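A short write-up of the structure that comes next.
Quick caveat: nothing in here was measured; it's all calculated off a predicted structure.
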Amino acid sequence: MQENCLFCRIAAGELPSNKVYEDEKILAFRDIQPQAPVHVLVIPKAHIASANEISHINSGIVAYIFENIPKIARLAGIAESGYRIISNCGEDACQSVPHLHFHILGGGKLAEKMA
Ligand code: DGP
């Protein structure tokens, strides 16, 4: 855990979140500034700064997150209607929290274009 990392602190329960799913390795919680009717963030509890830091050493947790996304989507009520998964990486992508996270967006028809 990195003491000054917002999502590490949420994962550790030091800061509150509206949880959708949690286990020993990952946490899914509602985004505080939703950009779709349903907007959930999925994070590894262990700190990884961004997708740019994924390597053969830590990629298992990324696979684990994706294994769990169908369940998280079901819990959020969007598995049947569909959803978009996004991970912003770095400055040009406007990543604002430097702890790897996957946005799951749904609950309504999304824009066709992503940028
Ligand atoms: P990104 O811009 O891709 O780094 O996404 C960061 C997201 O995190 C953004 O959609 C807003 C959300 N967010 C920022 N601070 C908090 C917080 O304290 N709680 C929750 N639930 N979401 C947050």
Side-chain angles (χ1 to χ4, degrees):
M1 162 163 179
Q2 296 211 347
E3 297 299 329
N4 58 352
C5 172
L6 176 64
F7 285 177
C8 279
R9 296 188 67 200
I10 287 177
E14 285 181 19
L15 296 173
S17 66
N18 188 346
K19 292 176 190 176
V20 175
Y21 174 78
E22 180 174 25
D23 65 24
E24 69 282 6
K25 293 191 225 174
I26 64 173
L27 174 65
F29 56 103
R30 308 269 174 188
D31 195 293
I32 209 169
Q33 295 170 316
Q35 295 185 43
V38 175
H39 188 166
V40 175
L41 300 172
V42 191
I43 63 171
K45 289 191 171 178
H47 186 83
I48 299 172
S50 76
N52 219 23
E53 306 296 321
I54 296 169
S55 70
H56 70 285
I57 293 168
N58 61 16
S59 60
I61 192 64
V62 178
Y64 186 76
I65 285 173
F66 275 79
E67 286 166 22
N68 277 277
I69 280 177
K71 176 169 60 193
I72 293 165
R74 263 197 313 281
L75 290 169
I78 56 173
E80 298 304 320
S81 47
Y83 51 90
R84 181 172 290 158
I85 305 165
I86 293 175
S87 187
N88 295 318
C89 177
E91 199 176 332
D92 276 2
C94 304
Q95 181 183 3
S96 60
V97 179
H99 180 125
L100 180 66
H101 51 282
F102 296 91
H103 298 258
I104 302 178
L105 299 153
K109 192 78 174 173
L110 302 173
E112 230 171 274
K113 295 188 176 175
M114 285 186 285

Closest approach of [X] and [Y], non-hydrogen atoms and distance?
| X | Y | result |
| --- | --- | --- |
| Gly107 | Val38 | CA-CG2, 4.0 Å |
| Pro16 | Ile10 | O-CG1, 4.3 Å |
| Ser50 | Leu100 | C-CD1, 3.7 Å |
| Lys45 | Ile26 | CE-O, 3.7 Å |
| Pro70 | Ala79 | O-CB, 4.4 Å |
| Val40 | Ala28 | CG1-CB, 3.9 Å |

Flag yes if [X] and [Y] sit in one hydrophobic cluster, no otherwise; membership is Ile, Leu, Val, Met, Phe, Trp, Tyr, and two members link when side-chain heavy atoms are under 4.5 Å apart.
| X | Y | value |
| --- | --- | --- |
| Ile78 | Leu110 | no |
| Ile86 | Ile72 | no |
| Ile104 | Leu27 | no |
| Phe66 | Phe29 | no |

So with a 6.0 Å cut-off around CD of Glu112, is the heavy-atom count from everything else above 12? no
Just wondering, are more than 12 heavy atoms of other shown residues or ligands nearer than 6.0 Å to CG in Asp23? yes
Those residues that, when tested against Arg74, pass salt bridge (charged side-chain N to carboxylate O under 4.0 Å, His left out) (two or more places apart): none
Output all residues satisfying salt bridge (charged side-chain N to carboxylate O under 4.0 Å, His left out) with Lys25, sequence neighbours left out; order by chain, then residue number. none
side-chain contact (heavy atoms from CB on, under 4.5 Å) between Asn68 and Val42, worked out: CA-CA 9 Å; Asn68 277 277; Val42 191; over 6 Å; no
Inter-residue atom distance [X].[atom1] - [Y].[atom2], 0.5 Å rounding:
| X | Y | atom1 | atom2 | answer |
| --- | --- | --- | --- | --- |
| Asn88 | Cys94 | CG | SG | 7.0 Å |
| Ile65 | Ser59 | CD1 | OG | 11.5 Å |
| Ile48 | Ser55 | CD1 | OG | 8.0 Å |
| Ile54 | Ile61 | CD1 | CD1 | 10.5 Å |

Would you please test His39 and His103 for side-chain contact (heavy atoms from CB on, under 4.5 Å) and show each step? CA-CA 7 Å; His39 188 166; His103 298 258; 2.8 Å; yes
Using the side-chain hydrogen bond (donor to acceptor under 3.5 Å, both in side chains) criterion, which residues pair with His99? Sequence neighbours excluded. His47
Of Leu41, Val62, Ile43, which meets side-chain contact (heavy atoms from CB on, under 4.5 Å) against Phe102? Val62
Donor-acceptor contact present, side-chain Ser87 to main-chain His101, <3.5 Å: yes
Is a donor on one side and an acceptor on the other found under 3.5 Å between the side chain of Asn58 and the backbone of Glu53? yes
